[in-house]
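Starting off with a structure, shown below.
Order of the sequence lines sets the chain letters (A, B, ...), proteins ahead of strands, with each chain counted from 1.
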Amino acid sequence: MEVFDNLWLGVQVAFSWQNFFYCLVGVLLGTLIGVLPGIGPVPTIAMLLPITFNLDPIAALIMLSGIYYGSQYGGSTTAILVNLPGEAASVVTVLDGHQMARQGRAGPALAIAAIGSFFAGCVATLVIATAAPPLAEVALKFGPAEYFSLMVLGLVAATVLAHGSLLKAIAMVVLGLLLGLIGTDVNSGVLRFTFEVPDLADGIGFVIVAMGMFGVTEIVANLEQKGEREVFLGKVKHLFPSKEDLKRSWAPILRGTALGSFLGILPGGGALLSSFAAYTVEKKVSKHPEQFGKGAIEGVAGPESANNAGAQTSFIPMLTLGIPGNAVMALMIGALMIQGIAPGPQVMTDKPQLFWGLIASMWLGNAMLVILNLPLIGIWIKLLQVPYRFLFPSILIFMNVGVFSLSNNPWDCLMMTVFGVFGYVCVKLECEPAPLILGFILGPLMEENLRRAMLLSRGDATVFFNPVDKPISFSFLLAALALLAVIALPNIRKKREEVFVEE
Amino acid sequence: MRIRSPRDFWAGVMFIAFGAFFVAWSFTHYAMGSALRMGPGYFPALLGGLLVFLGLLVMAKALALDGPKIAAFHFRPLLLVSLSVVAYGYLMKPGGLAVATIAAVFIGALAGHEFKWKEVAVVALVLVIFSWLVFVRGLTLPFPMCPQFIDNCPIR
Amino acid sequence: MIRLLAAAALIATASSLQAQAWPAKPLRFVVPYPPGGPVDVSARLLAPKLQAALGQPVVVENKPGAGGNLGADVVAKSAPDGYTIGMGAIATHAINPSLMASVPYDPLRDFTHLALVVQVPNVLVVHNDVPAKSVAELVALAKTRPGKLDFASGSTGSTGHLAGELFKQMTGTYMVHIPYKGAAPAVADLLAGRVQLMFDNLASALPRVKAGQVRALAVTTLKRAPALPDLPTLDESGLKGFDMTTWWGVMAPAPLPADITARLNAEVLKAMDEPDVKTRLRAMGMEGSAVRSPAQFSAFVAAEAKLYARLVKASGAKPD
């Protein structure tokens, strides 16, 4: 088969000693910046761009890609260990991963994240190899109307992220949507809710909100416990997942991989949704939804697999259409253009070595990551045994570095504090931050696509639910409605029971 | 009328306050437009209204059903941790990385259960060296190493 | 008067004293955009060359926000001692001052304009299914179907948007502007045919035009683009005098001592002429500029500011 010929070509390219070396450098660096909270792949890749000028384009692309998916691996580590989501995907990992760490099960959590990511990475790589061009066509079918309906589905799903009151979760989603609107309005260019502060003109960074509401709040909440000096009370029982863990995880890994692979190909924010979507699915299909948010391993396995699969397949629109799905992909296009290579449909035919070499290197890089990360788990666990009075100032400093490096602006540190205090108030009022964060991410995207769809249709609202013209949008809205019913029904039943009990 | 669940009651108040603010601000500051051609105020006003409605529901529930009290606020760690983060940000430019890090560590450590001078100093020192090696040298983040008044910083 | 002269002389000697030692410490090179964009990439191409020539580290510092205004303001408010330079672009120095309600700096008086680095034309591209094969046919099409055609742009008030508005004005046609958050999603909808045309910058349009993903109808400059020599200009196609480029260059706070200005101008131009910088910029579809001296650059910025003041007003892009 042709695919195998091509893959063999790719393997030969990826395993040349030079490319092997740059792949290793990429994944090592990616793991490092992934573990450091707040320092994302974007500034790192930007800083490395000048170095890549003098490299062979294949080696450059292999290294930059390694940084990207390596950072996706590393991001889960900080999320699980210290409750710090440095990127959108890890917000979900925090929910159950950190709870597992508190129960002394950081080892299995980290291991299942690594195994799930490896499996997802391998499958997604195969997806790119066999179906990139047709999938890119699918991606182009998603216009403003489709994205809007997808976001609606995502928001309904967001309420599942909370394990407490459904009503408050919905309110937090809406509040997140509103906070996400702060900044310059895309359609009119008007500055909204910026109160004449120029630093707010581009809105509030996601990292700032997430680190404030999870990281800062968590530290304060830990410090207020009077008697308990150590946060990680549970004894570390074992480093690796038990048979039971694996039995519970394999299905979530499969489902997460499938979901992530699909959502990753959508350049307009699909990959962002992948881990959230996977969490929702796992919680809904689980026989023990009450364990979610309290250390369910499925809540780590599914989203982590989805996240890594999405990171991998988000290369598809970049490689086949030349459309970057996120800032990292935009940087890689920049790196390629500097080398005189224009990403687009012709890359596969004109530069087969580049295309297939990159794909083979992804597999190689994922293998390196799993080999690298499994032994590291032992070291990470040791880190948890550091007394908290040493640990929390260090976490504070790392958060600060990450947030300050976003745009070298002390304002960002101030905003992180504001969201830390707000997060603390929310904890006291039992309002959970995860739904707010998803709303915050989706708010601007949703409004943008809603208004754009209305502009394009000249004000005809049927573009969202016309089953003939817009079957994709229609089915998303239908699914959202169904999910809403599924979520609301048990609650209503429970309410009735509660009422009866009271009577 | 008795507040039976203070936690939910105040959560409701918070949602209503936020919602009402966004509605009021949108109406007074931004063009609404129409559903066909939405102005910048349309979407936030809509969402703000929804948030007020949800807040009312939460509040109504708090009046109808019993619920827990609000756990006590601890202002000392909250204040000190916040101060630590803000100090880091605003000391970076004038004081340089070392000053910012040391200040943030000391202020932050005051929020902990025990505060031992020497221990905190060691943690601060280790973090300064680590930051310098990994962030400034390794990842080449453009953080100043010296205070602003030193014209020609010998460390890079 | 005498006192004034004495003060001037004092400043002059002080600055020349300072300049003798210059550069005695690292320079920071402020980029008002996030890392990875074309402005950032060109700054990172220049920085090592300047570092080698000046014998001091040149540290690129990204200061994004408010459409570039935050970073530009940092440069404007820094001491004019030659240790802070920054990229100033068409957005920060020509469009934003007219587009936005308030800009915290004066694009002309607060800056010493050192050297124009890049000028890129925009290209009018259409989806492949659009029947028009030339600008004239497009105009005819727009006239038979008023309000049916959409044009996409990377943001409200971008050159892509303003070029479209100017096009509408000069041809008397009506098309609907669809703003996006950045050029990438706009291009995606163009490829899918949800919008029919776009004024994309040459760097990003070039590979798509060559691959036949979209069809180019014209460039927005008076001269044809060397990268696409067969493509007519809008000026040739009946829109007399249509001339728009996207540009950026190195600037410093004003008033920068004359000797430092001259030195930095010379070093930037020298770096731009180095073959590796040149080929890399060209690979991205970027061309150098005929504007060479600081005085020419200042005059250029002033002219651009005037042009966009007019265009922004005419386009109705200014919010409220």
Side-chain angles (χ1 to χ4, degrees), chain A residues 32-33 36 39 43-44 47 165 167-168 170-171 174-175 177-178 181 185 187-188 190 192-193 216 219-220 223-224 229 388-390 392-394 396-397 399-401 403-405 408-414 416-417 420-421 424-425 428-431 447 450-451 454-455 458-459 461 498 502, chain B residues 7-8 10-11 14-15 18-19 22 25 30-31 35-40 43-44 47-48 50-51 54-55 57-58 61 65 68 70-71 73-74 77-78 81-82 84-86 88-90 92-93 100-101 104-105 108-109 111-114 119-120 123-124 127 131 134-135 139-143:
Chain A
L32 173 71
I33 58 162
L36 295 169
I39 297 191
T44 315
M47 271 170 293
S165 154
L167 197 56
K168 282 197 279 186
I170 298 174
V174 176
L175 183 53
L177 287 170
L178 280 166
L181 298 183
D185 172 33
N187 283 60
S188 63
V190 172
R192 287 189 296 185
F193 313 108
V216 175
I219 288 176
V220 177
L223 291 177
E224 75 175 19
R229 300 231 163 142
Y388 197 63
R389 65 178 193 279
F390 299 140
F392 84 82
S394 317
L396 270 177
I397 295 299
M399 284 182 353
N400 277 326
V401 170
V403 165
F404 196 83
S405 72
N408 301 302
N409 192 344
W411 171 265
D412 293 340
C413 291
L414 184 67
M416 181 165 76
T417 312
V421 173
Y424 186 69
V425 173
K428 293 293 169 189
L429 299 177
E430 216 207 3
C431 298
E447 187 199 15
L450 168 69
R451 289 168 67 180
M454 294 295 268
L455 260 181
R458 304 291 185 268
E498 275 170 30
E502 266 177 71
Chain B
R7 201 159 70 181
D8 282 1
W10 289 107
M14 180 179 84
F15 292 135
F18 269 112
F22 275 101
W25 192 272
Y30 310 119
L36 308 187
R37 230 190 150 80
M38 292 174 209
F43 200 60
L47 287 178
L50 181 62
L51 189 57
L54 290 167
L57 283 184
V58 173
K61 213 179 122 194
L65 300 173
I70 298 175
F73 276 79
H74 291 78
L78 184 63
V81 168
S82 301
S84 159
V85 175
V86 174
Y88 187 90
Y90 285 90
M92 180 60 86
K93 277 272 149 68
T101 306
V105 170
H113 295 294
E114 47 192 320
E119 275 181 11
V120 179
V123 172
L127 283 170
S131 301
V134 174
F135 300 120
L139 294 172
T140 62
L141 296 181
F143 289 3

Original post:
To the nearest 0.5 Å, how far apart are SG in A:Cys431 and CZ in B:Phe15?
Top reply: 4.0 Å
Original post:
Using a cut-off of under 4.5 Å for heavy-atom pairs, which of B:Ala104, B:Ala124, B:Ala109 has the most such pairs with chain A?
Top reply: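 Greatest number of close heavy-atom pairs with chain A: B:Ala109.
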Subject >> Contact class of B:Phe18 relative to chain A, heavy atoms under 4.5 angstrom >> reply: side chain
**OP:** Verify, without hydrogens or angle tests, whether A:Arg451 (side chain) and B:Met38 (backbone) share a donor-acceptor contact under 3.5 angstrom.
**Re:** yes
**OP:** Could you tell me which portion of A:Thr44 (side chain, backbone, both or neither) has an atom closer than 4.5 angstrom to a non-hydrogen atom of chain B?
**Re:** side chain
Original post:
With only heavy atoms counted, which part of A:Asp185 is less than 4.5 Å from chain B, the side chain, the backbone, both or neither?
Top reply: side chain
Subject >> Under 4.5 Å from any heavy atom of chain A - which part of B:Tyr90 >> reply: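 Both backbone and side chain of B:Tyr90 come within 4.5 Å of chain A.
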Subject >> Contact origin within B:Val123 toward chain A - heavy atom pairs under 4.5 Å >> reply: side chain
Original post:
At what distance, to the nearest 0.5 angstrom, does CZ of B:Phe73 lie from CD of A:Glu224?
Top reply: 9.0 Å
Original post:
CD1/A:Ile219 to CZ/A:Phe392 distance, rounded to the nearest 0.5 angstrom?
Top reply: 7.5 Å
**OP:** Could you tell me which portion of A:Leu396 (side chain, backbone, both or neither) has an atom closer than 4.5 angstrom to a non-hydrogen atom of chain B?
**Re:** side chain
Original post:
Could you state the interatomic distance from CG (B:Leu65) to CG (B:Asp8), rounded to the nearest 0.5 Å?
Top reply: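 Nearest 0.5 Å value for the CG-CG distance: 8.5 Å.
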Subject >> Interface residue of largest heavy-atom contact number with chain B, from A:Val425, A:Val220, A:Leu36, under 4.5 Å >> reply: A:Val220
Original post:
Who passes ring pair (Phe, Tyr, Trp, His ring centres under 6.0 Å) against B:Phe43, sequence neighbours left out?
Top reply: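 With sequence neighbours excluded, B:Phe43 shows a ring pair (Phe, Tyr, Trp, His ring centres under 6.0 Å) to no residue whatsoever.
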Subject >> Toward chain B, the part of A:Phe193 with a non-hydrogen atom under 4.5 Å >> reply: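 Both parts, backbone and side chain.
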Subject >> Closest non-hydrogen atom pair between A:Arg192 and B:Pro44, with its separation >> reply: NH1-CD, 3.5 Å
Subject >> Structural part of B:Leu127 lying under 4.5 Å from a heavy atom of chain A >> reply: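 Side chain of B:Leu127 only, per the 4.5 Å heavy-atom cut-off to chain A.
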Original post:
Relative to chain B, which of A:Pro410, A:Cys413, A:Ser394, A:Gly459 shows the most heavy atom pairs under 4.5 Å?
Top reply: A:Pro410
Original post:
For chain B, which of A:Trp411, A:Phe390, A:Tyr424 has the most heavy-atom pairs under 4.5 Å?
Top reply: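 Of A:Trp411, A:Phe390, A:Tyr424, A:Tyr424 has the most heavy-atom pairs under 4.5 Å with chain B.
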**OP:** Counting only heavy atoms closer than 4.5 Å, note whether A:Leu178 contacts chain B via side chain, backbone, both or neither.
**Re:** both
**OP:** Let me see the working for B:Leu47 and A:Leu181 under side chain to side chain contact (heavy atoms under 4.5 Å, CB included), right down to the final yes or no.
**Re:** CA-CA 10 Å; B:Leu47 287 178; A:Leu181 298 183; 4.3 Å; yes
Subject >> Gap separating the NZ atom of A:Lys168 from the NZ atom of B:Lys61, nearest 0.5 angstrom >> reply: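 Spacing of NZ (A:Lys168) from NZ (B:Lys61) equals 7.5 Å.
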**OP:** Applying side chain to side chain contact (heavy atoms under 4.5 Å, CB included), run through B:Leu141 and A:Val401 and close with a yes or a no.
**Re:** CA-CA 9 Å; B:Leu141 296 181; A:Val401 170; 4.1 Å; yes
Original post:
Which one of A:Ser165, A:Ala171, A:Pro393 has the most heavy-atom pairs closer than 4.5 Å to chain B?
Top reply: A:Ala171
**OP:** Identify which of B:Val105, B:Leu54, B:Val85, B:Thr101 forms the greatest number of heavy-atom pairs closer than 4.5 Å to chain A.
**Re:**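 So the answer, after comparing B:Val105, B:Leu54, B:Val85, B:Thr101, is B:Val85.
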Subject >> A:Leu175 versus chain B, the contacting section by heavy-atom distance below 4.5 Å >> reply: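 Both parts, backbone and side chain.
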**OP:** Measure distances from B:Val120 to the heavy atoms of chain A and classify the residue's part below 4.5 Å as side chain, backbone, both or neither.
**Re:** neither
Original post:
NZ/B:Lys93 to CG/A:Asn409 distance, rounded to the nearest 0.5 angstrom?
Top reply: 7.5 Å
